[in-house]
Amino acid sequence: MMNDIMPSSSVHVPVMGIYIAIFMCLSSLSVLVTVVVLHFYERPDHEPIPAWLLKIHTLRCSPRWRHVQVASNSPSAASKPTSERVTWKVVVMDLEKVSFVAFLVVILLLTIVMLIKLLPRQIPATD
């Protein structure tokens, strides 16, 4: 399909070919992140949450939620308000939001750079 559009012998790689290759790599990375997010989502709540995931959660939450407690089945955890308890599902939703915004920003920047690269350049008139 792309071979029909691109020239058979070319000295340089077309900008559109580079854009499509980068976009395909980003799509593959997106699928990989989706698999990781789903893997984390299905974990039971009694398993410990890694520190880097808790950091993403605390960065996404308001300042009053900075002190988080991992949800457990202990009686002391049950007496805490649910807003202070952090489960895998809550942390994974934050991870999903962060990854969505990151991919959106990268794709928008990639598209803007490609469009700027494709703008016609002004050729000075020779008289």
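Just so you know, residue 1 is the first one in the sequence shown, and it goes up from there.
Grouping Ile, Leu, Val, Met, Phe, Trp and Tyr residues whose side-chain heavy atoms lie under 4.5 Å apart, directly or via other members, places I112 in a hydrophobic cluster with I116.
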Distance-only donor-acceptor hits, side chain of residues 98-111, under 3.5 Å, sequence neighbours excluded:
| unit_1 | atom_1 | unit_2 | atom_2 | d |
| --- | --- | --- | --- | --- |
| S99 | OG | L95 | O | 3.1 |
| S99 | OG | E96 | O | 2.9 |
| T111 | OG1 | Y19 | OH | 3.1 |
| T111 | OG1 | I107 | O | 2.8 |

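The salt bridge (Lys or Arg N to Asp or Glu O under 4.0 Å) analysis of residues 12-36, with sequence neighbours excluded, yields no pairs. Note on residues 18-43: pairs passing salt bridge (Lys or Arg N to Asp or Glu O under 4.0 Å), not counting sequence neighbours, are R43-E47.
Residues L29 and W52 fall within the same hydrophobic cluster, defined by Ile, Leu, Val, Met, Phe, Trp and Tyr side chains chained together at heavy-atom separations under 4.5 Å. F40 and V90 fall into different hydrophobic clusters, defined by Ile, Leu, Val, Met, Phe, Trp and Tyr side-chain heavy atoms under 4.5 Å apart, directly or through other members. In this structure, Y41 is a member of the same hydrophobic cluster as L53, with clusters built from ILVMFWY side-chain heavy atoms closer than 4.5 Å. Grouping the Ile, Leu, Val, Met, Phe, Trp and Tyr side chains by contacts below 4.5 angstrom, directly or via other members, places I18 with M114. V37 and I49 fall within a single hydrophobic cluster, where Ile, Leu, Val, Met, Phe, Trp and Tyr are joined by side-chain heavy atoms under 4.5 Å apart, directly or via other members.
Of the possible donor and acceptor atoms, one in the side chain of S27 sits under 3.5 Å from a partner among the backbone N and O of F23.
Partners of T34 under the side chain to side chain donor-acceptor pair (under 3.5 Å) rule, at least two apart in sequence or in another chain, do not exist in this structure.
Residue K89 qualifies as enclosed at atom NZ: its count of foreign heavy atoms under 6.0 Å is above 12.
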